[in-house]
Every structure is written in C-alpha cells, then in structure tokens.
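Taking it in order: structure first as structure tokens, then the write-up.
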Number of protein chains: 2
Amino acid sequence: MTKPRFVSAADVARLAGVSRSAVSRAYTPGAAVSEAARKRIHAAAEELGYRVNRLARTLHQDRSDLVGLVGGNFSNPYIAAQLDALSCALQGRGLQCLLMNTASAGADVSEHLARLLDYRVRNVVLLSGAAPDDLIRLCAQNGARMVLINRPPPPEGTQADLILADSARGGRLAAERLIAAGCRRVAVVVSGSRTTAKKARAEAFCAVMAARGVAVTTWADGANAYATGVEAARSLLARPGLDGIFGVTDEIALGVLNTARHELGLSVPGDLSVIGFDDAPISEWSSHGLTTIRQSLDALTAATLEAIDRPAEAPPTRFAVPVELVERTTVA
Amino acid sequence: MTKPRFVSAADVARLAGVSRSAVSRAYTPGAAVSEAARKRIHAAAEELGYRVNRLARTLHQDRSDLVGLVGGNFSNPYIAAQLDALSCALQGRGLQCLLMNTASAGADVSEHLARLLDYRVRNVVLLSGAAPDDLIRLCAQNGARMVLINRPPPPEGTQADLILADSARGGRLAAERLIAAGCRRVAVVVSGSRTTAKKARAEAFCAVMAARGVAVTTWADGANAYATGVEAARSLLARPGLDGIFGVTDEIALGVLNTARHELGLSVPGDLSVIGFDDAPISEWSSHGLTTIRQSLDALTAATLEAIDRPAEAPPTRFAVPVELVERTTVA
DNA sequence: GCTGTCACTGCACAGCTGTGCAGTCGGTGC
DNA sequence: GCACCGACTGCACAGCTGTGCAGTGACAGC
C-alpha cells in the first residue's frame, strides 16, 4: 500500500479528463469554464476528496489567509473569551487563526513569535505578552500588519495598530467607586510582569486616591493569575485595616475576593470591598458577583477586525475601546 | 512607495551575492555550504528580515507542520485548559496550531471543518463537537491523521485515533459517592446536544443508581454551558425533594451549584450534594470547591501527542485516560 | 605537471496552484 | 464560403522552496 498523500489538482484533472488549469478555474469564481466541465470536475474532486491547497495558492498572492493569534495563557477567563470571540469573527471573514502560545517558549519568545512569519500570516494579533521590537520590525519588513491589544505602544514610527481600552478612565472609575463606598485604606494588586495597560489602570487609580488623600498600598508580584490574587490577599489582609482592593484584572480580583471570603472569613462587601477590571464571563456568576470595569468584548473584536481589514500599507491607527463600571455585589 | 511584500530567498541571495540554492542550504541543517557563505547569508537575511516560507516548503514534503485544533466554545474552562496545554505541547514538538471554532459555522459545520484540509494540516484534533463522517473520510483520503478526544467513535473501519476518558467508571464513581453521602433522590444534568462521552457518563451513573434502587431524574436540554446548569437547577429544585445532582460537566455542575447556593438559598452539601466531571481549574477555587471526577489533563495531552507522532499509515489506536474522584466540599 | 579528491556552488526541476495568452471550435451574419 | 465573435481550453510561466546532479576550483599526492 502506498503512503497516503494529499490529493492534488493534477489527480482530479486526470480523473475528469481535463487540463489542470480547468480544475483550478472550476474553483475560481468568475473564471471561464463550461458548466459541463465544472460538473465533471466537481464530481471527480468529490470522489477523490480533493481540496484546493491554500498553501500553494498563497504563493501567488501577496498575503495568506492566516492570522497569528498570540497569547500567554489561554485558560485565563478573559483571554479565553477574547479568543473565542475573535476566532469566530475572523472565520466569519474567511480568515483562519494560527495560534501561538508564548508559554511554551522558554527564553527566546522573540524567535518563537517570529515563527509565525514562516507561515506568511497576514496579521499578527497580540492578546497578551509584550511585543519584542524585532518582531515588530520583522512584521513591518514583511508587510504583515500587526495589532496590539492593550499592549504597550511600540517605539515611535514603528508600524502597529493599537487597540486600547481606556485604562486611565477605568482606573479612575474603580477609585471613585471605592471612595463612594467609603473606603479609607485601599490597595491595588498588579502582577509582577506588568504591562503598560495594567500599569496605567493602577496609576490612574492611585492618582485619584492621592487626590482624595487616601493611602494606597501597591502589591506587584507574580503572574497575571488567580494565584497572584490569592497570595496578595493573604499578605495584604494578614493584619486588619484595609477596606478596599482593586485587582487590575478580574482573575486577580477573583483570587482576592475568594481568599478574603472563604479563607480569611471576611465579609465582602461588609468588611472589604473588591473591584476588578475586564468583566470576564465568570465574574458575573453568582458565586462571585464581582463589581468590575467592563471593557466591551464586542467593541474590542470589532476594532480588531477593522484593523485587520485595513490594507498592509495604510498608516497604523489607534482604536479606543470604551470602558464602563458594572455594579454587582462586591462593593459596599 | 511600493507595496510591502514578504521577503523571499531570492532577495537574500541577491543581497548576499550567492545563488538562491545557497540561501536554502544555509537554512537546512547538514547541507553543504561554506562557513563564509552561511555567515554572509544570515547577515543579509537579518538585514532584510527574511524568514523561510514554510508554506512553500510544505509543497515539497508530504505533510505540513500544521495541526488543526477544533472546538466549539473555547471559553469553556476545561476546553480552554485543554487548548492551553495542547498548544504548548505541540509547539514544543515544533508543530503549529491552526484553530477552528465551529461556533462560527452555521449549518455547514462539515464544510467549515473541511477547510482545515485546505491548509494541508497533518492532523486534525477534535476537542468538542461531533465528527461528521465526510470529514473523517476526507482526512483519510488525504493522509491526515485524525484524533478524537472524548468523541463518539466513528463507524467501523474509518481511520481515527480515539482518546477516551473512562466515562463509565467516572459515572460510577460519581454515583457511588452520592450514595455514600446518603442521597436517596438524585438527578443527572446532561446537555441537549449530548456527545457519547457525556451520555456514557450519565448512563453509567443511572445504572448504578438503578441497581441501588435510587430514583434518578434526567435533565437533558440546552448547550454544554453554565447557563444549562442554572436552568436545570431552577427547574429541578423548584420543589424540594432532590438531595443529589450530578453535572455531566464541571461547567454544568457549577451552574447547578451556584444557583442552588446563591439563588435558591440551599446549603451545599447540607441540603444538596453536587458533583461534576472534568476538574476544570476553576472548580478548585474556594468559591466553588466542587467535588468532581478528574480526567487527567496531562494524560490527555500526552496521549494526543503520542497519537500525532504516529506515522500517517499506522493503524488507528485507542488511548484510555484514567479518571479519579477528587474530594472537595460539595458532597456530604 | 598530472590526477584524484573534496568542498562548495549553481542550474534545473519538482511540488501545487493561479492566470495571461494564444489557440480551437462552434455558431452567426452576410 | 467567409469573416467574425464568443466561449472555452490548454500551454507555459510565475510564485517560493528543496534537492539531485553536474560543474568549478583548490589542493594534496606522486
């Protein structure tokens, strides 16, 4: 038995008794093929299980149908929701998603990411993690438009679309809400590897608090993960005094919330108010009811699509994703 | 300004003053190139931002480096965890993940899935959703090995590796645990679109209950989602009587759990015991503490890798993923 | 100086598709 | 019968890479 191979247009042409060009044309809308030939070709293709090789087709065009989706931890609830929404939307546009998990890259994230270019992706979308400068350069040199979601803006003059939730406004909303709840000693929890977006959320929060004369403790350590929130809560709440905590991410905030409630026996929002940022699907669950700053997933997805639709040579743009306070039950 | 294009080996050859073959060889380990030429070529490539085009390279080989990952809802916590682990593992093997979200396909899931073959994926891995017969045939005809994770086994004789958690044993473990807790009137919640795996979990559960003379109510409706658990709980617990519920998936079980506790004011496990299946990361969170049947993610990932490593012409295999009871706090 | 060896090097082709261009063939109008 | 037109059709090449094969040059051995 011969080793199974992919069926090619030549195989179909042989079976249908036409030239290979005819096969190609039978799959190109608007191309000149007789109805009879098209029917014979489709029948032969069906029999053999033929599918047009998009890889070879890409050689002819200047861009492929592939979009590189880069993320660090796809099990983060908000990232997962983004991934779900984005992959749906992209496929609706006839594009395919090439996934890239940076967690598997050891030291050389940069080399790992560059591998996306090996597949001639037409776009690279960064959902999390930083964008190494050489990757941005590489994308520009190859005409692959790059989209950064809530990532630090690249150095001046480099090509990359930015999609940014209004972190500063979000941070202010969170601060004002805690103040309205009567909090007088608060903390903000950021992950150690703080992206600009997360830093901006924290800084805007601190600025408002400073203006109102409220003392802020900053906890910055660990990954952007649930465990970080747990650790932060244990450490920050070891001694009483704190009455409000802002988790710079829902996942962190949920770690804080659960630890406060179930491990330390605090009443939220009775003893402590907790507020997050993102509005991940699970934040709404009745086990959490997390008050949080929502960055609209729809707006974020729409902006990404718009950025991707722009031609490769168009100048980079900046999209603003609106932010709003979602009242639930973790703030007094 | 000319339209930016991908840099090709010819461009590099021109700049480095060598033939295009030399460029190709400079990126092929073990090929005959002088050290001097290799250095010049790498320098030129670096300057231009050249990357080997894997799409074109694939034309020469009989398989690509692409693995198709198919799922229905990537924001399901367990699916997301699978995706995270799998993408990491595959990339460690030098393979890339082509994502396929079946949620974006309307009626023609089959056509949507077949599009994966357009990219000459070397494997198709189904994380959720059913495998249409024609897709299985298509994969076989093109020599792309197919891997089904907890999916219904395809018709006799078709080529597909099966990775199956021991659903029956899991269902039995769940039943026995509820019986040990003293439950006398129980329910099982399955989604409407029940896969064989989920059906098998429910059936094994029911069989044990029947053998012990315990009445079982079956709730089968809606998607495999949190909302299904919520609805089921509202409906099933409208009148008192039930003292144990088995959610065929952690996400469903969490919907039941949260609704019982926070909406209906029941004490779990005081008034009601709840048990799930999967052991998703969030089940462990102190806000839930869900007792559940764990299907080892490590074993599942390892089995998938093993299946993928097998040559295309090797006969299909069946991998068993062990299952174990994880005791937490939702069963008396 | 001649020959053989060895390390490279480049040509040419394969691998699969899309497409410009020229050619075929039937049909129509006169 | 002839010119013309329109609808197809196939050839040949482009697009990018990997590789067999022949060729080139240096160099050692005699």
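So you know, we letter chains A, B, ... as the sequences are listed, proteins then strands, and number each from 1.
As judged by a 4.0 angstrom heavy-atom cut-off over every strand, A:A31 is placed among residues making no nucleic acid contact. Using a 4.0 Å heavy-atom criterion, one finds that A:S24 contacts the bases of the nucleic acid, with or without backbone contacts as well. If you check every strand for non-hydrogen atoms under 4.0 Å, A:R25 touches a base. Nucleic acid contact for B:V23: none, since no nucleic acid atom lies under 4.0 Å from a heavy atom of the residue. Base contact: A:S21 has a heavy atom under 4.0 Å from a base atom.
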Between the protein and nucleotides 22-26 of chain D, which nitrogen or oxygen pairs come in under 3.5 angstrom?
none

Identify each atom pair where a protein N or O and an N or O of nucleotides 14-16 of chain C are less than 3.5 Å apart, giving names and distance.
{"from": "C:dA14", "atom 1": "N3", "to": "B:H60", "atom 2": "NE2", "distance (Å)": "2.9"}

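The stretch residues 41-49 of chain B has no heavy atom under 4.0 angstrom from DNA chain D at all.
Place B:V33 and A:V52 on DNA chain C by their nearest nucleotides, and B:V33 ends up nearer the 5' end. Position along DNA chain C of the nearest nucleotide to B:A37 versus A:A10 favours B:A37 as the more 5'-ward residue.
Applying the side chain to side chain contact (heavy atoms under 4.5 Å, CB included) test between B:L148 and each of B:V124, B:V70, B:L162 identifies B:L162 as the sole match.
Taken over five-pair windows at either terminus, the axes of the helix from C:dG1-D:dC30 to C:dC30-D:dG1 are inclined to one another by 50° (rounded to 10 degrees).
For the pair B:D134 and B:R137, the salt-bridge criterion is not met [side-chain N within less than 4.0 Å of a carboxylate O]. Of the charged side-chain nitrogens involved, none lies within less than 4.0 Å of a carboxylate oxygen, so that A:R318 and A:E306 do not count as a salt-bridged pair. Taking a cutoff of 4.0 Å between a charged side-chain nitrogen and a carboxylate oxygen, A:R115 and A:D118 do not qualify as a salt bridge. A salt bridge does not link B:R122 with B:D65: every distance from a Lys NZ or Arg NE/NH1/NH2 to an Asp or Glu carboxylate oxygen is 4.0 Å or more.
Separating the CG atom in B:L83 from the OG atom in B:S75 is a distance of 11.0 Å, to the nearest 0.5 Å.
Applying the ring pair (Phe, Tyr, Trp, His ring centres under 6.0 Å) criterion to A:Y119, with sequence neighbours excluded, gives no partner residue. In this structure B:D133 satisfies the side-chain contact (heavy atoms from CB on, under 4.5 Å) test together with B:P155, sequence neighbours excluded.
To the nearest angstrom, P of C:dA7 lies 14 Å from CZ of B:R38. The CG-P distance, from B:D118 to C:dT17, rounds to 11 Å in whole Å. Taking atom CD of residue B:E35 and atom P of nucleotide C:dC6, one finds them 21 Å apart after rounding to whole Å.
Judged by distance alone, the side chains of A:D84 and B:N73 never bring a donor and an acceptor atom under 3.5 Å apart.
With A:N142 contributing its side chain and B:V7 its backbone, the two residues share a donor-acceptor pair below 3.5 Å. Side-chain N or O atoms of A:R145 include one that pairs as donor or acceptor with a backbone N or O of A:A314 at under 3.5 Å.
You'll find the side chain of A:L98 reaches within 4.5 Å of the side chain of B:L66, heavy atoms only. Side-chain contact check for B:R93 versus B:I308: every heavy-atom pair is 4.5 Å or farther apart.
At a cut-off of 3.5 angstrom, counting only N and O atoms as typed in the model, there is no donor on one side facing an acceptor on the other between the side-chain of B:S19 and the base of C:dC11.
For the pair A:D11 and A:F6, the tightest heavy-atom approach, listed with the atom from each and the gap, is OD2-O, 4.3 Å.
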